[in-house]
Amino acid sequence: MDAILKGLTEPQTEAVTHLDGPLLILAGPGSGKTRVVTHRIAHMISQGIPASQIAALTFTNKAAEEMRARVENLAPGKAVWMGTFHRFCAQLLRRYASMVGLSENYSIYDTSDSKQAMKRAIEVAKISTSHTSPEQIASTISNAKNRLVTPEMMLSGAKHSGPTMAARVYPVYQQQLLTANAVDFDDLLFHIALLLKENPDLRSELDSRFRYILVDEYQDTNLAQYAIVRALSIDHPNLSVTGDPDQSIYGWRGADINNILDFEKDYPAVKTVRLEQNYRSTPNILRAADQLIRNNRRRKHKELFTHNDEGDPVVLRIYENGYQEADGIADEISDAIQVEGLRPRDFAILYRMNALSRSVEHSMRRRRLAYQIINGLEFYQRKEIKDLLAYLHLINNPKHDVAFQRIVNTPTRAIGAKTVKRLREYADRHHIPMLEAARNVDAVEGLAKRSATAVKKFVEMYERMAIKATATLEDLLRYVVDETKYEAYLLRSVVDQQDSSAVANVDEFITAAVEFDRYHPDDGSLELFLEQAALVADTDAFEDTSDRVTLMTLHAAKGLEFPRVFIIGVEDGLLPHSRSKDTDSGFEEERRLLFVGITRGKERLQLSCCKTRNFRGESRPAISSPFFNELPLGEMKKIESERSLDFFDDDAYDDSYPESWDLPDEDTANDETPTDQGGAGGNGFVKEKKEKPMFDEACQLPEEELKEIVQRKKKAKQPVAGIQTAADLLSSGPVTPLTAYREGTQVRHDEYGDGMIVSVTGRGPKRTATIRFDDGERNFRLAFAQLEVIDG
DNA sequence: GTCCCCCTTTTCACT
DNA sequence: AAAGGGGGAC
């Protein structure tokens, strides 16, 4: 008891010792929130509350794990339910599957699975996607589910103009999911929320089963999650929620910041505790965060304070481009490790978009700095892993149509797209799973005998594998790999590549299976394994035990802290993101995102932006984020790139760097280029970089003729001598493969032997394009198939 | 049916 | 830059 309450501040103690009734903990960043929650659970148990009546819901497995470890420390051996919302619902749904028309071995579709399913539903619903896209429809339906809107509600809510595309697809999609005995991510919450709403008996049963509910990151709950915790705390309103409205960053997936802002209205008897003292950051960092977030209008004001030492000023840094940004930061980390004796794990580099990790990754690798990138989905997204996973899915749930379609011809076994389509249409017509249709292949019309035979052979093979379903996961997986000759297939399909990683991944997957068997000697089931695989999250991959620099998105960084933090790409259009900045709520959420990033830092923080940034293959001028002006600039340290004379050397940063690259001389670029004038005024700096040969002649060939030449060259696989194409012209100098973009227009090249020809696609005449050579960029005006140099 | 090439589209964050 | 889709050749 004493151990539990020792060393807590007054508000912390107040929260920890609260037992019954609703509790709202408004916890600023770094205020010891996890500590309070874990101590509270321990205190509850010490007061005689059965651990089995407590459920703690988090958003990531990582957070749940940490909580479990800390509670275990304080109250060993107590079985409190801890985990993510999605896992909580997945387990309930296992049990009550039949009530929503599923069976207990239902599958969880991941994003790409449900995208496939969505396309099929769109096809069956006979919706034209000319004015919309599957993605759009999917997102509308996803939003609907998060707001607990059923297909019927969406249809009846239709305007006079008739039901929307999404409203017509939604019921079809749901029906197909049921036929496939599957749910998507949103369904996990959606089904449980509706179940609780429509079954008062079940609701009250679960309400008393989970008498005490704790929700972490409550500001990120959506309506479905709100409905679930609300339904479970009516007879026993012992709901305690923890959160910080200023850290609400998941609005885009339906999170409603009002859930926390209105909590006191929903539960008038609530006790509110505010944790405002920050134990994490320096006052410098905290002031920056506070100044910034004050600009948000929709918030509850908190007075953040800390007794920590003043520390160093926050650094605001402007680099020339993304490569210098990455290099500069890597240098700094490298220096700090060597000079100040810091460890790689002390650093984090945060960004808005995963795409920004690339250049950083290179810089880290060149300096042999150990790093970890947090986008853990990577492994499970690999083709070979998805294939094998699909076999397991189909074995576990024979109705899993997405898995069926994925593997029925993988490895190829003469069951082509046409055959699959026939099976699918047959299945759609009879509302049966596709495997069922395959079993019934003789009844499927329009199939060649050969195809039918191939399908039968597949079904036979499937039956053989299905018998092994109850074997250990390792045995099952090995059997699948052998039976399908999967490795031979891999080796066959990667002919040219030195990419042996595919086979290595298969081995790694088998290792994972062995691990799973070991951890679950008794309760290990295929079902459980697949559920875990489906619910792994990005952030789960984070290892605080390993000594590496961490690279991750701002979203993934929530809840973590690092002595030194770099936030890169703080630019207009990136942060705030261009898709979010047009609405007030979107803009405020972006501001909160930066707030979250800033408050991850304990000792030092640097925000940076660039003058130009490569985006989607194109180098563009970048403008610093409007949020910069909201920071206490006066007390910050502003640095403009002192290395502005450097320029990006394409070769040195080429993506194809071998892992074991010998570090090139850092200053090669400088040595070669005594050119360049002017200091920090970086405009047009790429152009000034080198003397470039001028090309002032243009290709004179009409489109038809050029086309014909391309055809001829393709056939001959040989360059046709003496052709006056633009390519011929350009190839007088050193030319590397080139692609040009402008308003969707692409200039493509083909190389044949020594020669090269350029073909131009695009609708309108007279567009301009930038073509990148290994010695720089040049702009061209495109007139049909002709290239005319307008800017050398 | 399968493979390969070309073109078009994509457009963030995450369970 | 990268991936998905469509169409042609074998």
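Throughout, a chain's letter reflects where its sequence line sits, starting with A, and its residues are numbered from 1.
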> Whole Å only: how far is the CD atom of A/E135 from the P atom of C/dG4?
Replying inline: 11 Å
>> Whether A/D387 and A/R382 form a salt bridge (side-chain N of Lys/Arg under 4.0 Å from carboxylate O of Asp/Glu) is what I want to check.
In response: no
>> When you measure from the centre of the six-membered ring of A/Y106, is the NZ or CZ of A/R94 closer than 6.0 Å and no more than 45° off the axis?
In response: yes
> Do we count A/H577 as stacking onto B/dC12 if the rule is ring centres under 5.5 Å and planes under 30°?
Replying inline: yes
>> I'd like to know if the side chain of A/Q372 pairs up with that of A/T550 as donor and acceptor (distance under 3.5 Å, no hydrogens or angles considered).
In response: yes
>> For a quick check of understanding: with a heavy-atom distance under 4.0 Å over all strands, which category does A/D186 fall into, base, sugar-phosphate or nothing?
In response: nothing
>> Both A/H86 and A/G416 contact DNA chain B. Which one's nearest nucleotide lies toward the 5' end?
In response: A/G416
> For A/F185 and B/dA13, what is the distance between atoms CZ and P respectively, to the nearest whole Å?
Replying inline: 15 Å
> When all nucleic acid strands are considered with a 4.0 Å heavy-atom cut-off, which category describes A/K581: base, sugar-phosphate, or nothing?
Replying inline: nothing
>> Output the rounded distance in Å from CG (A/L57) to P (B/dT15).
In response: 16 Å
> Is the Lys NZ or Arg CZ of A/R613 less than 6.0 Å from the centre of A/F615's six-membered ring, within 45° of the axis?
Replying inline: no
> Using the C1' atom in both, what is the distance from B/dA13 to C/dG4, to the nearest Å?
Replying inline: 22 Å
>> Nearest to the A/W252 side chain among B/dA13, C/dA1, B/dT15, which nucleotide is it?
In response: B/dA13
> To the nearest angstrom, how far is A/I249 atom CD1 from B/dA13 atom P?
Replying inline: 13 Å
> With a centroid cutoff of 5.5 Å and a plane-angle limit of 30°, would you call A/Y250 stacked on B/dA13?
Replying inline: no
> If only side-chain N and O atoms of A/S451 are considered, is one of them under 4.0 Å from the OP1 or OP2 phosphate oxygen of B/dG1?
Replying inline: yes
> How many Å lie between CG on A/L356 and C1' on B/dT11, as a whole number?
Replying inline: 14 Å
> Within the structure, does a side-chain N or O atom of A/T412 lie under 4.0 Å from either OP1 or OP2 of B/dG1?
Replying inline: no
>> From CG of A/L574 over to C1' of B/dC12, roughly how many Å is that when rounded to an integer?
In response: 9 Å
> Looking only at side-chain N and O atoms, does A/N409 come under 4.0 Å of OP1 or OP2 in B/dT2?
Replying inline: yes
> When you check the phosphate oxygens OP1 and OP2 of B/dT15, does a side-chain N or O of A/N222 lie under 4.0 Å from one of them?
Replying inline: no
> Does a nitrogen or oxygen in the side chain of A/K119 sit under 4.0 Å from OP1 or OP2 of C/dG5?
Replying inline: yes
> Rounded to whole angstrom units, what separation is found between the CE atom of A/M552 and the P atom of B/dC14?
Replying inline: 11 Å
> Does A/R579 or A/A414 map to a spot on DNA chain B nearer the 5' end, using the closest nucleotide for each?
Replying inline: A/A414
> Is any NZ, NE, NH1 or NH2 atom of the basic residue among A/K62 and A/E66 found under 4.0 Å from an Asp or Glu carboxylate oxygen of the other?
Replying inline: no
> How would you label the contact of A/T419 with the nucleic acid (heavy atoms, under 4.0 Å): base, sugar-phosphate, or nothing?
Replying inline: sugar-phosphate
> Do A/D113 and A/R406 sit within salt-bridge range, that is, some charged N less than 4.0 Å from a carboxylate O?
Replying inline: no
> Between atom CZ in A/F59 and atom C1' in B/dA13, what is the gap in whole Å?
Replying inline: 15 Å
>> Quick check on C/dA2: is either OP1 or OP2 less than 4.0 Å from any side-chain nitrogen or oxygen of A/R358?
In response: yes
>> Side chain of A/K418, heavy atoms from C-beta onward: which of C/dG4, B/dG1, B/dA13 has the nearest atom to it?
In response: B/dG1
>> Heavy atoms only, 4.0 Å cut-off, all strands: where does A/T111 land among base, sugar-phosphate and nothing?
In response: base
> Between B/dG1, C/dG4, C/dA1, which one does the side chain of A/R450 approach most closely?
Replying inline: B/dG1
